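Working notes, beginning with the structure itself.
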Protein chains: 2
Amino acid sequence: MKEHTIESCAKANLAIRDTLDIVGGKWKLILISVLRSGKKGFNELSREAGISPRILSKELQELEMNGLVSRKVCDTKPITVQYELTEYSHSLNDVLVAMEKWGYQHRKRIVQGIE
Amino acid sequence: MKEHTIESCAKANLAIRDTLDIVGGKWKLILISVLRSGKKGFNELSREAGISPRILSKELQELEMNGLVSRKVCDTKPITVQYELTEYSHSLNDVLVAMEKWGYQHRKRIVQGIE
DNA sequence: GTAAGTACTATCCTTTTTGTAACAGATAGC
DNA sequence: GCTATCTGTTACAAAAAGGATAGTACTTAC
């Protein structure tokens with residue numbers, strides 16, 4: 001498990017690239033993170049994530065294509081749409097938790113370094 | 001721990017953003033992943049990661065500024081430079097491992113889905 | 001002096017991403 | 001009819017990122 005053969009490294013690098021292909025970019029992980037607190041409407045997501053509708057629409061389509069987010073149209077007064085994390089998206093939990101922890105620790109480190 | 005208050009969610013989202021600020025983008029995590037197999041020279045990194053020298057130079061500077069990579073000039077025949085992960089960069093291990101696992105599983109899932 | 005290797009930097013250009021603003025279709029309230 | 005809300009889309013523009021190609025500087029080898 002601790003061996004660093006050429007093959008195992010190439011495999012690891014490929015896996016990282018694969019992951020970045022799906023959830024890389026500026027918004028994907030942020031959207032998923034925001035959606036972890038529950039289903040959200042389009043404008044709601046736009047506000048909470050601070051993302052313009054144009055980009056949001058594109059990002060949500062890509063997330064949906066990759067099976068990470070589901071889109072449900074609700075038959076309400078003004079028609080509304082609910083975006084929600086899929087079961088499969090939970091497989092990203094480790095990634096998200098690790099990034100949350102790191103970001104939190106890193107910020108602490110930076111702040112302490114300044115003071 | 002399982003509460004989803006407004007504050008805890010905002011905190012989590014901020015942490016994700018912080019992490020992305022440091023290791024987001026197309027190359028940072030790939031470079032770190034490549035460097036996990038040991039120190040590398042500039043051209044070596046360029047070849048292994050498939051990144052052009054111009055971008056590589058910029059990315060390495062940013063990684064160095066954030067304390068994730070160290071740069072050592074070696075007094076060899078033709079002068080060489082060794083790039084190496086810092087101690088602090090190991091704090092990203094959980095993130096990298098989680099992403100490696102996910103990328104690997106996701107690829108398996110996709111391949112199976114096609115066959 | 002010529003070629004080759006290392007580590008970049010500079011220049012130019014293309015692609016991708018992101019943002020802004022406006023607009024469309026549907027429905028409800030006034 | 002006018003306005004407002006919700007969900008997007010479209011058109012246009014700006015910015016960021018990325019790639020290709022050379023070129024610089026230094027050193028060793030021939």
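Proteins get letters first, then strands, A, B, ... in listed order; numbering begins at 1 in each. As the structure is a computational prediction, the values presented were derived from the model and not from experiment. The figures here come from the full heavy-atom set of this structure, side chains too, leaving out hydrogens, waters and symmetry mates.
For L31(B) against A49(B), the heavy-atom pair with the smallest separation is CD2-CB, 4.0 Å. Summarising the geometry of L68(A) relative to S89(A), their closest heavy-atom pair is O-CB, 3.3 Å, with the distance given to 0.1 Å.
What separates CG of L56(B) from C1' of dA20(D) is a distance of 16 Å, to the nearest Å. The distance from atom CG of L60(B) to atom C1' of dA7(C) is 11 Å, rounded to the nearest whole Å. Taking atom CG on D75(B) and atom P on dA7(C), their separation rounds to 13 Å, with Å as the unit. When the P atom of dT5(D) is taken as reference, atom CD of E44(A) falls 15 Å away, rounded to whole Å. Atom CD1 of I79(B) is separated from atom P of dC26(D) by 10 Å (rounded to the nearest Å). Rounded to an integer number of Å, the gap from I51(B) CD1 to dT21(D) C1' is 17 Å. Spacing between atom CG of L45(A) and atom P of dT5(D) amounts to 19 Å, rounded to whole angstrom units.
Q61(B) comes within contact range of the sugar-phosphate backbone alone, with a heavy-atom separation under 4.0 Å but no base atom that close.
V95(B) places none of its side-chain heavy atoms less than 4.5 Å from the side chain of K101(A).
In terms of phosphate contacts, Y83(B) brings no side-chain nitrogen or oxygen within less than 4.0 Å of OP1 or OP2 of dT6(C). Dashed line: the shortest gap from a side-chain N or O of S57(B) to OP1 or OP2 of dT9(C) is under 4.0 Å.
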Under 3.5 Å between N/O atoms: give me all the protein pairs with nucleotides 14-18 of chain C, atom names plus distance.
residue, atom, partner, partner atom, Å
dT18(C), N3, R54(A), NH2, 3.4
dT18(C), O4, R54(A), NH2, 2.9

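The side chain of F42(B) sits closest to dA7(C) out of dT7(D), dA7(C), dG8(D). Of the candidate nucleotides dG8(D), dT6(C), dC8(C), dT6(C) has the atom nearest to the side chain of P78(B). Side-chain proximity of T80(B) to dT6(C), dC6(D), dT9(C): nearest is dT6(C).
Identified under the side chain to side chain donor-acceptor pair (under 3.5 Å) test for residues 47-56 of chain B, with sequence neighbours left out: K40(B)-E48(B).
Aromatic ring pairs are classed by plane angle as parallel below 30°, tilted from 30° to 60° and perpendicular above 60°; the pair H106(A) and Y88(B) is parallel.
Here the side chain of S70(A) pairs no donor or acceptor atom with the backbone of T86(A) at under 3.5 angstrom.
Salt bridge status for R36(B) with E100(B): present, with a side-chain N to carboxylate O gap under 4.0 Å.
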